S.K.: 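I'd like to ask you about the structure that follows.
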Amino acid sequence: MKNKSEPARLNVGQSVEWVSSSVKKTGVIVGIIPRGRIPRDESFKIEGGLPRDHDSYIVEGFKSTCRRGDNKARQVKALYWPRVSLLHPVDTLTDDEINWCKSNVTAVRKLMASAGK
């Protein structure tokens, strides 16, 4: 019997990416679901799924949708409960982090100067 490896430990606020339904998705971890529980037990409005035998993660990501009769795709926030084995940490800034940096240029420059950058 093959040994099951321990899933990676991730944290709330961490950026991740994964592939689901042949589509690469990105998002930020917004919650941790303890082993043996499902998202609804932890007040996340995600339907379905069976309890998992390890901690798992709720990820706020984006999905593309089109309105009926409209050819323009738009990005809509959605909550996902992906398999932990599919999640990979991303060392890039989220849109919220980029916007914060743009709004706090002086603070960013001070941090960079103190780091010798």
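Values reported hereafter were calculated over all heavy atoms of this structure, with side chains retained and with hydrogens, waters and symmetry mates removed. Since we're looking at a predicted model, the values are computed, not measured.
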S.K.: Tell me whether Arg37 is salt-bridged to Glu42, with the criterion being a basic N under 4.0 Å from an acidic carboxylate O.
M.R.: yes
S.K.: I want to check something: taking the side chain as every heavy atom from C-beta on, are Pro51 and Arg35 in contact at a cut-off of under 4.5 Å?
M.R.: no
S.K.: Applying a strict under-4.5 Å side-chain criterion to I, L, V, M, F, W and Y, I'd like to know whether Leu86 and Tyr80 cluster together.
M.R.: yes
S.K.: Looking at Ile46 and Pro39, what are the two nearest heavy atoms and their distance?
M.R.: CB-CB, 4.1 Å
S.K.: Are the aromatic ring centres of Trp81 and Phe44 under 6.0 angstrom apart?
M.R.: no
S.K.: To the nearest 0.5 angstrom, please state how far the NE2 atom of His54 sits from the CZ atom of Arg9.
M.R.: 11.5 Å
S.K.: Using the rule that Ile, Leu, Val, Met, Phe, Trp and Tyr join whenever any side-chain heavy atoms are under 4.5 Å apart, tell me whether Met112 and Trp100 fall into a single cluster.
M.R.: yes
S.K.: Could you tell me the separation between the CD1 atom of Ile98 and the OG atom of Ser103, rounded to the nearest 0.5 Å?
M.R.: 12.0 Å
S.K.: Quick one: does Asn104's side chain have a donor or acceptor within less than 3.5 Å of a partner on Cys101's backbone?
M.R.: no
S.K.: Under 3.5 Å, side chain of Tyr57 to main-chain N/O of Leu10, donor-acceptor pair present?
M.R.: yes
S.K.: Side chains of Glu17 and Lys25: closer than 4.5 Å at any heavy-atom pair?
M.R.: no
S.K.: Write down the atom of Ile58, the atom of Leu79, and the distance for their closest heavy-atom approach.
M.R.: CG2-CD2, 3.9 Å
S.K.: Return the minimal non-hydrogen interatomic distance between Leu50 and Ile38, and the atom names on each side.
M.R.: C-CG2, 3.8 Å
S.K.: What heavy-atom pair brings Val28 and Ser15 nearest, and what distance separates the two atoms?
M.R.: CG2-OG, 4.1 Å
S.K.: Let me check something: do Val59 and Val12 share a hydrophobic cluster, defined by ILVMFWY side-chain heavy atoms less than 4.5 Å apart, either directly or through other members?
M.R.: yes
S.K.: Would you say that Ile33 contacts Arg52 through its side chain, given a criterion of any heavy-atom pair below 4.5 Å between the two side chains?
M.R.: no
S.K.: Give the minimum heavy-atom separation between Trp18 and Pro82, together with the two atoms involved.
M.R.: NE1-CB, 3.7 Å
